[in-house]
Structures are given as structure tokens and as C-alpha cells.
*Asks:* 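The structure's right below; bear with me while I get my questions together.
Sequential numbering from 1 along the given sequence is applied to the chain's residues. These numbers come from a predicted model, not from an experiment.
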Amino acid sequence: MKTIYTMLFASLALVFAISTANAAVLVVSTRGEAAYRDGAAWKPLAKGQTIKEGTMVMTGVNSQAVLNIDDNLLTIKPLTTIKVLKNSLTKSSSDNAIGLKNGSVNARVKRIGTLKTRFNIVTPVATSSVRGTEQNTSHGPAFGTRIQVPVGLVNASNDSGVNRNVGGRSSFSLRPGNQRPDPLLGDLRNGAITQLNPANITGDEQAGLETFGDQLVDNFDDALGFYNKNVGGTASVKVDLIWPNP
């Protein structure tokens with residue numbers, strides 16, 4: 001009988017442990033000067049320690065810290081201040097929010113089976129939702145909030161009703177004082193050496209493509225992929241080569 005009670009107690013303890021999975025923020029590595037706020041004092045951040053919800057982390061010049069947040073990696077770049085706003089994990093969901101006060105972070109968020117994952121990066125002017133993807137987010141008083149997505153797709157939004165899907169060759173840039181972001185394909189357009197859009201689209205169509213980017217086409221990795229679809233026919237390309245003076 002004692003053995004049965006022992007096994008029953010162990011089983012209940014295991015079920016309870018799984019149903020109330022422990023959320024964790026583990027310091028994977030540090031480089032240079034990295035600190036966390038403990039009460040009113042700042043203390044050095046060390047590899048292997050865990051920090052709790054509500055903790056602020058700051059990096060100095062040429063410094064970096066990497067956090068493992070419920071198996072998701074957050075790299076805190078130099079001259080950056082963040083706060084762990086939320087860190088919650090159960091057997092069915094993972095819910096995390098990181099406040100980016102200033103600087104830059106890289107987030108790599110896994111998609112784990114049926115686990116419902118929320119991983120938000122919150123700046124003073126915008127919020128991005130990351131799941132099963134990689135995201136670079138920067139914020140500063142001079143340039144505002146900037147989001148780039150090397151892998152996957154994220155959703156960026158603000159309190160003014162802006163809601164954009166960002167991925168592929170698009171980027172989200174919300175400047176200080178603006179309620180709406182720059183065109184999602186602005187970086188690609190500004191860095192191109194030739195015209196990016198077909199010559200026969202209207203001005204409204206071109207403006208819509210630049211503003212909404214990937215959201216106009218659901219079946220391709222990015223908006224420009226629409227024009228790469230193999231549908232046959234002919235096309236013309238105009239290229240002006242300007243050679244420097246000898």
C-alpha cells in the first residue's frame with residue numbers, strides 16, 4: 001500500500017510540474033560590460049545565472065549578452081537597454097514580452113509543435129510579434145523603431161492602428177513623430193540600381209506595393225516574388241549604364 005501511495009504521489013507531482021512548467025531566462029553568454037538591475041543597484045551579468053520577470057539588462061560599448069528565454073534566444077547588442085516584461089510558460093503556451101528601451105536586439109524564436117508561442121518585442125512606439133522566425137529590432141530617439149526579418153514573417157503594429165506583416169526583403173521603419181511607417185520596400189527601392197516595378201503599373205499601384213509590400217501577395221515569399229512567377233510571355237528591361245569619367 002505504501003508503494004502505491006508513493007507512486008501516486010510521484011505521478012501527481014509529475015503532472016503538476018508539467019502543468020506549471022517553469023519559465024526561465026538564462027544568461028547564455030556575456031561579452032564586455034553587461035549588467036542587470038537588482039532593486040536600485042546595477043550588478044554585473046554573469047554567464048549561467050537566471051534573471052526573473054521585471055529585470056532590466058543593459059550592455060555597454062562593444063558589449064553583448066545572450067539570453068535563453070524558454071528555449072528562444074535573445075541577443076542584446078551593444079549600448080542597449082531591455083526589460084523582461086513578461087515570462088510565462090505552461091504545458092500549452094509560452095508567453096514572453098521584451099521591452100526595448102533603446103539599442104538593438106536579435107530574437108530567434110522557435111516554433112515548437114503545438115505549443116502556443118507569443119514572443120513580443122515592445123518599443124515606445126511599436127510592438128512586433130515573433131514566432132518561428134528571426135527578427136532584428138532597433139529603437140532610438142533619433143531614428144525611431146526599425147524592424148528587419150532575415151527569416152520568416154513577423155507582425156508589427158502600433159497604437160495608431162498600423163498593422164503590417166514584415167518579411168523577406170521588406171522592413172518596418174517608424175520614425176519619431178510619425179504615426180505611419182515608411183514603405184515596407186523602401187530599403188530595397190533605395191538600394192536598387194534599376195527600376196523595381198513593372199513599367200505598366202499605375203502610380204497608385206506602385207504606392208500600394210511600396211506601402212504594403214508582402215501583404216499584397218500571399219503565395220510568395222515577398223511582394224517582388226509575384227513578378228518572378230513563371231507565366232510565360234515577354235518582358236522588356238531598360239538599363240542605363242553610367243560610366244565614370246576617365
*Asks:* Do Asn120 and Ser129 meet the criterion of a side-chain donor-acceptor pair at a distance under 3.5 Å?
*Replies:*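 Their side chains do contain a donor-acceptor pair, which is all the 3.5 Å distance test asks for.
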*Asks:* Are the side chain of Thr59 and the backbone of Thr80 linked by a donor-acceptor contact shorter than 3.5 Å?
*Replies:*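 Yes, the answer is positive, given that a donor and an acceptor are paired below the 3.5 Å cut-off.
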*Asks:* Evaluate the side-chain contact (heavy atoms from CB on, under 4.5 Å) criterion for residues Leu153 and Val166: first the C-alpha distance (whole Å), next the side-chain angles of each, then the deciding distance (0.1 Å), finally the verdict.
*Replies:* CA-CA 6 Å; Leu153 190 72; Val166 187; 5.7 Å; no
*Asks:* How many angstroms lie between OG in Ser173 and CG in Asp182, if you round to the nearest 0.5 Å?
*Replies:*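 Output value for this atom pair is 4.5 Å.
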*Asks:* Is the number of heavy atoms from other residues, nucleotides or ligands under 6.0 Å of Gln179 CD greater than 12?
*Replies:*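 Counting other residues, nucleotides and ligands, CD of Gln179 stays at 12 neighbours or fewer.
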*Asks:* Compare all side-chain heavy atoms of Lys43 with those of Gln49 and state whether any distance is below 4.5 angstrom.
*Replies:*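 Side chain of Lys43 against side chain of Gln49, heavy atoms only: no contact under 4.5 Å found.
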*Asks:* Please walk me through it: do Val125 and His139 pass side-chain contact (heavy atoms from CB on, under 4.5 Å)?
*Replies:* CA-CA 9 Å; Val125 297; His139 180 79; 4.1 Å; yes
*Asks:* If you compare all heavy atoms of Leu174 against all heavy atoms of Pro181, which two are closest, and at what distance to 0.1 Å?
*Replies:*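 Where Leu174 meets Pro181 most closely, the heavy atoms are CD1-N, 3.5 Å.
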*Asks:* Using distance alone, with no hydrogens and no angle criterion, decide if Asn72 and Asn96 have a side-chain donor and acceptor under 3.5 Å apart.
*Replies:*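 Their side chains do not contain a donor-acceptor pair, so the 3.5 Å distance test is not met.
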*Asks:* Can Asn163 and Asn155 be said to form a side-chain contact (heavy atoms from CB on, under 4.5 Å), step by step?
*Replies:* CA-CA 7 Å; Asn163 196 300; Asn155 179 265; 2.5 Å; yes
*Asks:* Would the distance check show the side chain of Asp95 and the main-chain N or O of Thr117 forming a donor-acceptor pair, the cut-off being under 3.5 Å?
*Replies:*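 Side chain of Asp95 to backbone of Thr117, a donor-acceptor pair under 3.5 Å: no, none is there.
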*Asks:* Does Phe143 reach the side chain of Arg175, with side-chain heavy atoms less than 4.5 Å apart?
*Replies:*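 Heavy-atom side-chain distance check fails, nothing below 4.5 Å.
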*Asks:* Ignoring hydrogens and geometry, is there a side-chain-to-backbone donor-acceptor pair from Ser160 to Val162 under 3.5 Å?
*Replies:*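 No; judged by distance alone, with no hydrogens or angles, the pair does not exist.
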*Asks:* Can you give me the closest heavy-atom contact between Gly167 and Val149, atom names plus distance?
*Replies:*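 For Gly167 versus Val149, the nearest heavy atoms are CA-CB, 4.0 Å.
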*Asks:* Evaluate the side-chain proximity of Leu85 to Ile98: yes if any heavy-atom separation is below 4.5 Å, no if none is.
*Replies:*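 Ile98 does not reach Leu85 side chain to side chain.
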*Asks:* To the nearest 0.5 Å, tell me how far Leu26 CG sits from Thr50 OG1.
*Replies:*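 Separation between the atoms: 7.0 Å.
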*Asks:* Arg164 and Arg180: side-chain contact (heavy atoms from CB on, under 4.5 Å), yes or no, with the steps?
*Replies:* CA-CA 10 Å; Arg164 298 281 186 270; Arg180 303 192 69 81; 2.8 Å; yes
*Asks:* Search all heavy atoms of Val25 against all heavy atoms of Val84 and return the closest pair with its distance.
*Replies:*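 Reported closest heavy-atom pair: CG2-CG1, 4.3 Å.
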*Asks:* Side-chain contact, heavy-atom cut-off 4.5 Å: Leu67 with Val28?
*Replies:*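 No; the side chains remain at least 4.5 Å from each other.
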*Asks:* Hey, quick one: are Ile51 and Leu74 part of the same hydrophobic cluster, counting side-chain heavy atoms closer than 4.5 Å, chains of contacts allowed?
*Replies:*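 Yes, same cluster.
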*Asks:* Take atom NZ of Lys101 as the centre, draw a 6.0 Å sphere, and report whether it contains more than 12 heavy atoms from other residues, nucleotides or ligands.
*Replies:*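 No - once you tally the heavy atoms of other residues, nucleotides and ligands closer than 6.0 Å, there are 12 at most.
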*Asks:* Can you name the nearest heavy-atom pair linking Thr145 to Ala126, along with the distance?
*Replies:*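 Closest heavy-atom pair between Thr145 and Ala126: CG2-CB, 4.3 Å.
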*Asks:* Any idea which heavy atoms bring Arg37 and Thr55 closest together, and the distance?
*Replies:*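 Nearest pair, atom of Arg37 first, then Thr55: O-CG2, 4.0 Å.
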*Asks:* Return the NZ to CD1 distance between Lys86 and Ile69, rounded to the nearest 0.5 Å.
*Replies:*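 One gets 14.0 Å once the value is rounded to the nearest 0.5 Å.
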*Asks:* Can you tell me how far CZ of Arg118 sits from NZ of Lys116, rounded to the nearest 0.5 angstrom?
*Replies:*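 It is 4.0 Å, given to the nearest 0.5 Å.
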*Asks:* How about Asn136 and Ser138: does a side-chain donor come under 3.5 Å of a side-chain acceptor?
*Replies:*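 No.
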*Asks:* Can you name the side-chain hydrogen bond (donor to acceptor under 3.5 Å, both in side chains) partners of Asn102, sequence neighbours left out?
*Replies:*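 For Asn102, no residue satisfies side-chain hydrogen bond (donor to acceptor under 3.5 Å, both in side chains) once neighbours in sequence are set aside.
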*Asks:* Report yes if the side chains of Thr137 and Arg146 come closer than 4.5 Å at any heavy-atom pair, otherwise no.
*Replies:*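 When only atoms from C-beta onward are counted, Arg146 and Thr137 do not touch, as no gap falls below 4.5 Å.
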*Asks:* Rounded to the nearest 0.5 Å, what's the gap from OG on Ser104 to CD on Gln148? Could you check?
*Replies:*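 It comes to 9.5 Å.
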*Asks:* Are Val61 and Pro78 packed together at the side-chain level, in the sense that at least one heavy-atom pair is separated by less than 4.5 angstrom?
*Replies:*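 A side-chain contact is absent here, since even the closest heavy-atom pair is not under 4.5 Å.
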*Asks:* Keeping Asn68 on the side-chain end and Asp71 on the backbone end, is there a donor-acceptor pair under 3.5 Å?
*Replies:*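 Confirmed, Asn68 side chain pairs with Asp71 backbone.
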*Asks:* Are Val122 and Val154 grouped together when hydrophobic residues (ILVMFWY) are joined by side-chain heavy atoms under 4.5 angstrom apart?
*Replies:*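 As far as the 4.5 Å side-chain criterion goes, Val154 and Val122 are not connected within one cluster.
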*Asks:* Give a yes-or-no answer on whether the side chains of Ser128 and Gln135 include a donor-acceptor pair shorter than 3.5 Å.
*Replies:*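 Yes - a donor-acceptor pair under 3.5 Å links their side chains.
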*Asks:* Side chains of Lys77 and Asn106: does their closest heavy-atom pair fall under 4.5 Å?
*Replies:*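 Counting from C-beta outward, Lys77 and Asn106 do come under 4.5 Å.
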*Asks:* Who are the side chain to side chain contact (heavy atoms under 4.5 Å, CB included) partners of Arg31, not counting sequence neighbours?
*Replies:*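 Partners of Arg31 by the side chain to side chain contact (heavy atoms under 4.5 Å, CB included) criterion, ordered by chain and then number, come out as Gln64.
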*Asks:* Which heavy atom of Leu45 sits nearest to which heavy atom of Val57, and what is that distance?
*Replies:*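 Closest pair (atom of Leu45, atom of Val57, distance): CD2-CG1, 3.9 Å.
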*Asks:* Can you measure from CG (Asn178) to CG (Asn158) and round to the nearest 0.5 angstrom?
*Replies:*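 Here the rounded value is 10.5 Å.
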*Asks:* Just wondering, do Thr127 and Ile121 contact through their side chains at under 4.5 Å, heavy atoms?
*Replies:*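 Counting from C-beta outward, Ile121 and Thr127 never come under 4.5 Å.
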